[in-house]
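Indexing begins at 1, ligand by ligand and atom by atom, following the structure's order.
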Amino acid sequence: MTYTFIPNSGDNQGAIPRVLTIAGTDPTGGAGIQADIKSITAAGGFPYSVVTSLVAQNTRGVQEIFTPPIDFLRSQLQSVASDVAIDAVKIGMLGSVEIAEAVKEFIQDIPCLVVLDPVMVASSGDRLLQRDAEAAVLDLAHNADVVTPNLPELAVLAGCDVAATIDEALDQAAGLAKTLQAHVLMKGGHFTGDHADNALVSPDGAVHSVPVQRIATTNTHGTGCSLSSALATRLAAGHSPADAVEWASRWLHEAISNADALKIGTSNGPVDHSHTTRRMTRAASTWAPSASAPTQPRLHPAGPYTQKMWDDTAGYLTDILALPFIQQLGAGTLRHDDFIFYLQQDALYLGQYAKALRKLGGQWAIDADGAIAAEREMQDTWLANIPEEQQRMSQVTQGYTDFLLASVYGDAHAVGQAAVLPCYWLYHEVGLRLAEANHPDHPYHDWLATYASEEFESSTRSAIERVEQALAQNPEHLDAAIKACDIASHYEVDFFDQADRAWVVDK
Ligand code: PLP
């Protein structure tokens with residue numbers, strides 16, 4: 001059978017990548033074509049889907065497989081090829097020699113990127129590819145741009161025993177990449193230890209390593225399908241293979257980190273494909289009310305006014321503590337470049353914050369000197385060699401500091417003081433919780449120690465008291481003060497999340 005493809009060149013530049021997945025099903029939604037559709041969507045693409053086999057499976061394993069007649073597979077492929085342009089194809093479960101050959105026939109002339117996940121055996125131990133079809137999958141792999149085998153699949157394709165060490169796996173991947181003249185992604189999830197780094201091996205043997213921190217969970221059903229689909233989508237969006245692997249790895253890491261909270265199934269459950277999207281959607285809310293349950297402060301309010309301020313904004317601390325950035329910062333697994341991004345924005349922030357504090361006068365102005373000292377310290381210790389183009393103020397930092405300056409210059413004195421308070425109080429509350437995870441070998445030990453220090457605590461207590469006194473003297477400003485505190489607290493959430501927004505959209 002010959003297929004005539006709708007041209008894809010040039011007409012979709014910078015637009016939504018159109019990605020076709022050819023795979024088997026999982027009615028419980030964790031793996032297979034259902035995972036592919038969610039992953040392609042999460043990675044910013046438009047998914048098309050052609051089903052190879054209908055798999056009766058759940059989180060416990062595969063119960064039954066029904067494969068429609070091969071002509072029906074061809075018919076689906078023809079329906080797609082004859083009408084819609086395709087920017088990338090992701091191939092998953094093939095099942096049999098017949099299907100592998102039919103898919104090869106389809107993709108050999110296809111004018112787009114091909115990512116092959118050479119699915120053979122599910123992690124439940126159930127076979128998803130007949131043993132006699134392994135050679136047909138290897139044959140098909142010659143038409144792929146990127147191949148994403150797990151360790152046993154890599155061994156089959158490379159004709160070796162399953163690798164026992166990362167170096168052995170990298171050797172197998174390099175051999176396979178050379179044979180296929182394609183990139184091979186060696187997935188670190190199959191080894192043990194704290195790290196589950198992925199490694200992209202090029203046909204010339206070059207290795208691009210992507211750091212991935214291992215998550216302690218058994219809910220990883222469908223991770224292979226999901227990673228390869230996200231990767232295909234970012235490639236179709238114009239990413240280099242290395243950048244596409246970076247993006248897909250970070251996205252999947254967030255999905256796995258939040259898998260347990262899904263509570264789906266009685267055995268190895270799925271990952272939360274939508275976590276990043278939900279986090280970003282929340283960030284884009286127009287009114288951004290905090291729906292989260294309140295968290296009790298460790299530093300108590302100084303009286304009824306600051307009590308009311310805390311009560312009305314206490315959900316923001318809950319939001320901050322749940323952010324991937326904070327979780328990883330506490331665990332010491334935060335990527336160095338994310339930490340530097342954060343510090344860079346913090347340094348820019350502190351310069352403006354000090355101006356706001358000086359305008360408020362009194363003890364606030366004295367604290368401004370401390371803010372500038374902290375900024376200098378940060379510059380000297382962490383930010384000494386940051387290229388100038390990376391020293392730009394982000395939208396979040398700009399918005400937050402513009403708001404603070406507008407408040408201290410334009411609002412009543414009590415309201416301006418309420419606006420600057422979250423940067424003490426909320427920050428210290430976060431610092432106290434992060435400090436519990438601190439230890440001498442923590443990569444961010446000194447930084448964590450600063451924001452939980454007694455010095456910061458006493459200046460925070462004093463700031464809370466000053467706001468309490470200001471409102472006690474001017475109770476008519478309470479509502480406006482709570483509003484200012486609310487806006488600033490919301491910016492605090494944005495501020496901590498911004499490194500994790502940058503990779504989703506800007507990379
Ligand atoms: N089911 C189907 C249809 C698949 O294509 C795949 C992909 O590898 C799986 C199940 C695998 O699931 P698991 O990640 O649990 O091995």
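A distance limit of 4.0 angstrom between heavy atoms and ligand 1 selects the residues Gly24, Thr25, Ala31, Gly32, Gln57, Met93, Val119, Ala122, Ser123, Leu128, His221, Gly222, Thr223, Cys225.
Aromatic ring pairs are classed by plane angle as parallel below 30°, tilted from 30° to 60° and perpendicular above 60°; the pair Trp382 and Phe339 is perpendicular.
Inspection of the Gln498 and Tyr342 side chains reveals no N or O donor paired with an N or O acceptor under 3.5 Å. One side chain, Thr276 or Glu254, offers a donor N or O that lies under 3.5 Å from an acceptor on the other. Side chain to side chain, His221 and Ser123 fail the donor-acceptor criterion of an N or O pair below 3.5 Å.
Among Ile107, Val147, Leu235, Val103, the one residue that satisfies the side-chain contact (heavy atoms from CB on, under 4.5 Å) test with Val114 is Ile107.
Within the structure, the ring-ring contact (aromatic ring centres under 6.0 Å, His included) test picks out the following pairs touching residues 105-149 (sequence neighbours left out): Tyr3-Phe106, Phe5-Phe106.
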